[in-house]
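Taking it in order: structure first as structure tokens, then the write-up.
Note that the structure is predicted; figures quoted are calculated from it, not measured. Lettering follows sequence order; numbering is per chain, from 1.
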Protein chains: 4
Amino acid sequence: MAYRATRRTETRKAEIRARILRQARQLIIETGFRGLTIAAVAARSEIATGTVYRYFSNKADLCVAVFELATEHEIDAVVLASQQGDSTLEQLTGSLTTFARRALRNPTLAYALIAEPVGPELEETRLRYRSLWADTFATLLEKGKDQRIFYSQPTYLSAAALVGAMAETIVISSTQQINRNHPNSNHANSQRKLSQTELCNHIVNFCLRAVVKTEVLI
Amino acid sequence: MAYRATRRTETRKAEIRARILRQARQLIIETGFRGLTIAAVAARSEIATGTVYRYFSNKADLCVAVFELATEHEIDAVVLASQQGDSTLEQLTGSLTTFARRALRNPTLAYALIAEPVGPELEETRLRYRSLWADTFATLLEKGKDQRIFYSQPTYLSAAALVGAMAETIVISSTQQINRNHPNSNHANSQRKLSQTELCNHIVNFCLRAVVKTEVLI
Amino acid sequence: MAYRATRRTETRKAEIRARILRQARQLIIETGFRGLTIAAVAARSEIATGTVYRYFSNKADLCVAVFELATEHEIDAVVLASQQGDSTLEQLTGSLTTFARRALRNPTLAYALIAEPVGPELEETRLRYRSLWADTFATLLEKGKDQRIFYSQPTYLSAAALVGAMAETIVISSTQQINRNHPNSNHANSQRKLSQTELCNHIVNFCLRAVVKTEVLI
Amino acid sequence: MAYRATRRTETRKAEIRARILRQARQLIIETGFRGLTIAAVAARSEIATGTVYRYFSNKADLCVAVFELATEHEIDAVVLASQQGDSTLEQLTGSLTTFARRALRNPTLAYALIAEPVGPELEETRLRYRSLWADTFATLLEKGKDQRIFYSQPTYLSAAALVGAMAETIVISSTQQINRNHPNSNHANSQRKLSQTELCNHIVNFCLRAVVKTEVLI
DNA sequence: AATGAATGAGCATTCATTCAT
DNA sequence: TATGAATGAATGCTCATTCAT
């Protein structure tokens, strides 16, 4: 009986914890990290502010958890994509495309996760997850290297470079209106606006050229 | 007699402005952008808070100036490198190498400028400077594209990707001790530590492969 | 168990809100609107500054509430008076008298509400309340105009004029000691001090003459 | 020689003082009392901020002087009007019209002088000048009372009432757009917008009815 | 366990006033 | 005498965190 109650309580606790995280994630998507206040999260989760502290001892703690949740979500999708497709090339193409497509579809979250200002206490987490992302691609790069279809390269470094290249391109693209108005960004002005598909293709092609041997890409 | 802005006064003004900027920069390095409060800057510069506003009309203004101070040097160096060398390929290689080498030499600042959290009011500035950097490379990419030695590609996008690829790699490399301790980053562990030169070469090669036609790279 | 807003809590909330308003009102009376700072209100209400913001989202909001608190009583009294009396003339006389009598009884507050400097963000509110007052009289004026016992006149304008005439007279009267000492105000000096009743009568008569046809006034 | 120099200096001092006052007045017209900062006045007067303190020991001092300047200007115009015209009625009509017309033509200044928020340290001055205005009309009222063409009334009180009636009407009219949008000001809505001439006529008529015997007004 | 009212340090910004030059 | 740089107290407002109920 007592055991049961405990189990039920634990389930409930987990549910609330999940709800808080979900709402926090949503809040970031809607308002950026700046809008992520304990009060707002509590209100959206329909609990009291104090209650949030039952589940997360800190705001930083909560942030880290949100980060993890959001990132894992994305990483899972990329990992899944990297497991589909017959050849390693197909798998890499698939995972890169997934990464880019998802980020482009929800630029606010992508932006928040990659580039948006967060408290310095989160940086460690951010860096850890950057590495996680890199890992995702590193596995594939390693495979391709072994198969002699990718260039010989320090795969972990290249993987990081892939993540950086994609992230930066997406950030820049999501904020192009700002840049277009800026006198220095004349190169941006000289080009018509690309569709999301084109954008995605270009990014992925850039990445593939960097790691996959030319003859394999045809 | 009417008061004239003397040499002495002008010098003093410039000195104080420089002092503020220096202290702000130092503050960023020590505490991150988060620690950059007007009060702290004023205290460290040994002036009153109000005085800061004689030199910078805004906190954002001050930040922009710090940004500029820190970035201009870097961009100048890269631009200079892009003007040396006989062929476009040499020029691109030179500027990429310069970017990477300098960033690797002072990773803390590089990190702050590229990836550290800043107030949202600064994001525009950050993006502007990202664009400035991208522009630096975009010019070269355009030239190489015209000469048919670089792949046909939206140069501005590729330029952004180059910046992202390099920045990410450097950030990851500068914080490798964190990753090494992390269970998931097994790939990082499987590789011996690269020398800065090797690191730099690999990054540059990655970038070149992504934009320069294989036959040109030999 | 889930926390429910108890009667006790609600009462307490209302009490604190009332306390803030009371102290704010007192502060205005003692130091004018200029002395109405959040810090001062909080200190006098023996709460933290932040707490004030739980009850009023803005300083302006607080001011508006103080305004309302102070004004509503007055307006209610005037409206009530305008509903008593058989004829429209009696009703107008009654409400004008009520307005004047009450204002004369508490000139400090009347002064603050009508003439004291407030922050520009409050001007709208002040004007709104001026309008509210004007409205009170405008309704009666309209009625009298329809009955052909008041002059044909733009009633809203006349109503404003009535409010202005009464307010100014009261302000001047409440501060006569200043004027008496002033060399230029010889006319003030040439008249003996009027009793409050006489004062009130004169003001009301002035107003009536301005709007009510002479033959009706006899 | 020494005497001459002093004279010239004094003239110069007076000129600068006048310039400061003029610019301050203009500043009020353009930006309201809130925009009246020492720095702004100094800049517009093309002198240093510190220099302002050579001519006015306080900001309050300066404000008082501006007030006096601006008010005297207006009062002079009204007094002048009160001296033209053959009959006392004409003179009163003239001065009322002058007051209203000038205030309506430059509502910002009128508004600032009569109703805009200023520091409490200015209130005494404001009240003094209110009295001055009242005096202007009181003289005429006295004359008309003696001639048995105006009602028997405490002239100083009536004079204040005239000023109040006109000021309030003008303030309300100058800010009608605010009130029109407000749900409570339905009376304002029910009336088409009056031309400045009509407005002026109505105000003056209101005032005349309040003080001049009906048979004299015809 | 949950609540949410209360806290108060912290922040950017303004501006009258002073004073060394 | 004029200058204008420097001052720093003051203000409105935010929000992570605590704690009595």
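- Atom CZ in B:Phe56 sits roughly 16 Å away from atom C1' in E:dT13 (whole-Å rounding).
- The nucleotide whose nearest atom lies closest to any side-chain atom of D:Ile38 is, among E:dA16, F:dA5, E:dT7, E:dA16.
- With sequence neighbours excluded, the residues that form a side chain to side chain donor-acceptor pair (under 3.5 Å) with B:Ser57 are B:Asp61.
- Between A:Gly35 and A:Ala40 the shortest heavy-atom distance is O-CB, 4.0 Å.
- Evaluation of the side chain to side chain contact (heavy atoms under 4.5 Å, CB included) rule for D:Ala48 yields D:Thr51 as partners, not counting sequence neighbours.
- Counting to the nearest Å, the C1' atom of E:dA6 and the CZ atom of C:Arg19 are 12 Å from each other.
- For C:Glu72, there are no side chain to side chain donor-acceptor pair (under 3.5 Å) partners, not counting sequence neighbours.
- Computed from coordinates, the C:Lys13 NZ to E:dT3 P distance equals 16 Å when rounded to whole Å.
- By the side chain to side chain donor-acceptor pair (under 3.5 Å) test, C:Asn58 pairs with no residue at all, sequence neighbours left out.
- Rounded to whole angstrom, the span from the CD1 atom of B:Ile16 across to the P atom of F:dG4 amounts to 16 Å.
- Rounded to whole Å, the distance from CD1 on A:Ile20 to P on E:dA1 is 14 Å.
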Taking Watson-Crick (N1-N3 plus N6-O4 or O6-N4) and G-U wobble (N1-O2, O6-N3), each under 3.5 Å, can you produce the dot-bracket string of DNA chain F? Use [ ] for crossing pairs and | for inter-strand ones. .||||||||||||||||||||
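- A heavy atom closer than 4.0 Å to some atom of DNA chain F occurs in D:Ala48, D:Thr49, D:Gly50, D:Thr51, D:Arg54, D:Tyr55, these being the qualifying members of residues 48-55 of chain D.
- Applying the 4.0 Å criterion to OP1 and OP2 of F:dA6, one finds that B:Arg12 has a side-chain N or O inside that range.
- Between C:Lys59 atom NZ and E:dT14 atom C1' there is a gap of 14 Å when expressed in whole angstrom units.
- As a whole-Å value, the separation of C:Glu15 CD from E:dA6 P is 11 Å.
- Looking at residues two or more places apart in sequence or on another chain, you find no salt bridge (charged side-chain N to carboxylate O under 4.0 Å, His left out) involving C:Glu68.
- The listed nucleotides are F:dC15, F:dC13, E:dT7; the one nearest the side chain of A:Thr37 is F:dC15.
- The side chain of A:Asn58 contributes an N or O atom lying less than 4.0 Å from OP1 or OP2 of F:dT17.
- Every residue two or more places apart in sequence or in another chain that forms a side chain to side chain contact (heavy atoms under 4.5 Å, CB included) with D:Ala39 is listed here: D:Thr37, D:Thr49.
- Contact check for A:Ile38 versus A:Tyr53: side-chain heavy atoms found under the 4.5 Å cut-off.
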Scan the side chains in residues 16-29 of chain A for donor-acceptor partners under 3.5 Å anywhere in the protein, sequence neighbours excluded, and list what turns up.
unit_1	atom_1	unit_2	atom_2	d
A:Arg19	NE	A:Ser45	O	3.0
A:Arg19	NH2	A:Ser45	O	3.0
A:Gln23	OE1	A:Arg44	NE	3.1

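- Taking atom CG of residue A:Asp61 and atom C1' of nucleotide F:dT17, one finds them 14 Å apart after rounding to whole Å.
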